[in-house]
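Every number for a ligand or one of its atoms is a count from 1 in the order of the listing. Predicted model, so just to flag it, every value in this text is computed and none were measured. Residue numbers run from 1 in the order of the sequence given.
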Amino acid sequence: MQFYSVLLLVSLLLLLTISEASYPPVCTSGFTLINGKCLRIFVDVSTHTAAEKTCKGYGATLVTVKNSIDNRAIADFTGNNANLFWMGLYCFDSDVSKCLWDDATGSAEVYDNFAAGFPHIALGNCVYYSVQGALAGMWLSSDCNDRRSFICELPASHADPCPYNYNGFCYTFHNTASTYTKGQKICEQECGNLASIHSANENRYIMTFGGRATKEDLLLGGMWPADDVYNWVDGSLWEYENFDPINVRDSVCVIMSNGDSRPIALGMWYSGECKNEYSVVCKRPAGIQCPPNPTIVPVTPMPAVQSFCNSSVMAPSEITSPHFPYNYYNSDFCSYQISTLGSYNVLLRFSTFDTEKVNDVVTVYDGDSTNDPVIGVYAGSFYPFTVISTGNKMLVTFKTDKSNTRQGFSGRITSYSTTESGERD
Ligand SMILES: *[C@@H]1O[C@H](CO)[C@@H](O)[C@H](O)[C@H]1NC(C)=O
């Protein structure tokens, strides 16, 4: 027991060291790091639409400016290369609150630096930046068909030789037709998961490069195993979605359209059958070393694993129904007290879940007792899914009735920090 605790502690410390190693920010595709984001100047003039298209080709947007420091940095960065640059801002009306950023972060109401009398849509809806002269640093609007230089913007990432490195993550695209299970396996071999998406920019990036690299619609790492419970297989928070408005939620998997095979626009998501085959997009943190030959765990013959039924268990670990991978017993009851270090949340990922519908029930509580709020009640067969506690304790109970047994469940417990997920600009 002593030895086991030490082992747990060591592996926890290792995990912490890996996740907290500080990666110096880097820029890809010839962009330059300015103020924490990556910019690239295109001096040759083009229309606003053509400029946007060029940026999109790098998975980028036209430059956005959210504060006065960014605004000054642009003037310093562009120097004497050109004077007038398109920005990623479009005004529907001559009112700052009607000017929207290309990266879907809302209007310029929070910060703007329009010259007096602007935006002025009688002159045009597209916004540009003036570097020199009396209007240096100011924004103006003009006809979107005017031709100007422009600046593209990408988020900074971590150093990694992977070909698709964006905002701290590496993406890979696989043309191999894959079901959900097969797709996730492909991604796990690269130390990643089927991709989660957390912003319009990330969606655009995956759509742009995934669309080029693959033939079929793209399988993402999203799941909705139960009503209104959405989750990402990598355990990150569900904080963004891009479902096609005509999507009917009739299946469990989340697919991104490549605009070809369905009447669903490129980059929009729809609900798809997990057993159907799609192209695959994987995502892993940039800068991690993936062992070249991941150890293959032999599966036959399988001894029943330690279940932790009626025990306390500390992350990282694994809990299963009794007797797993063989069927559980009738008229049984188990409780699992799960905890992790104080500053972390408990992430429980059920990789197998197969119980008798309605009658053999797993209940997950957000705390250490049955008086705490219920995160979910699950009975039946589900694809892998994830539940996360809001604190550092989770209670799982499993109750079976007196007839019919099935394989049961197996779930991996890890520590999870809600503040580390996703991307923040
Ligand atoms: C777990 O504890 C409950 C009582 O709290 C008991 O009824 C049940 O049989 C125990 N399960 C196992 C597998 O030991």
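Taking every non-hydrogen atom of Asp332 and a distance limit under 4.0 Å, the qualifying atoms of ligand 1 come out as 9 (O), 11 (N), 13 (C). Distances below 4.0 Å separate heavy atoms of Asn310 from the following atoms of ligand 1: 1 (C), 2 (O), 3 (C), 8 (C), 10 (C), 11 (N), 12 (C), 14 (O). Ligand-side atoms of ligand 1 in range of Phe333: 1 (C), 8 (C), 10 (C), 11 (N), range being under 4.0 angstrom from any heavy atom. Remark: ligand 1 atoms within the under-4.0 Å shell around heavy atoms of Cys309 are 11 (N), 12 (C), 13 (C).
When distances from atom 4 (C) of ligand 1 to the protein are checked, no heavy atom turns up under 4.0 Å. Counting only heavy atoms, the protein never gets under 4.0 Å from atom 7 (O) of ligand 1.
The cationic group of Lys66 lies under 6.0 Å from the six-membered ring centre of Trp101 and within 45° of the ring axis, placing it in a cation-pi geometry. Relative to the ring axis of Phe169, Lys283 places its NZ or CZ within 45° and under 6.0 Å from the centre.
Between the side chain of Asp366 and the main chain of Asp372, no donor-acceptor pair closer than 3.5 Å is present. With Lys56 contributing its side chain and Thr61 its backbone, the two residues share no donor-acceptor pair below 3.5 Å.
Taking the six-membered ring where tryptophan is involved, the planes of Tyr378 and Phe350 are tilted, since the angle between them lies from 30° to 60°.
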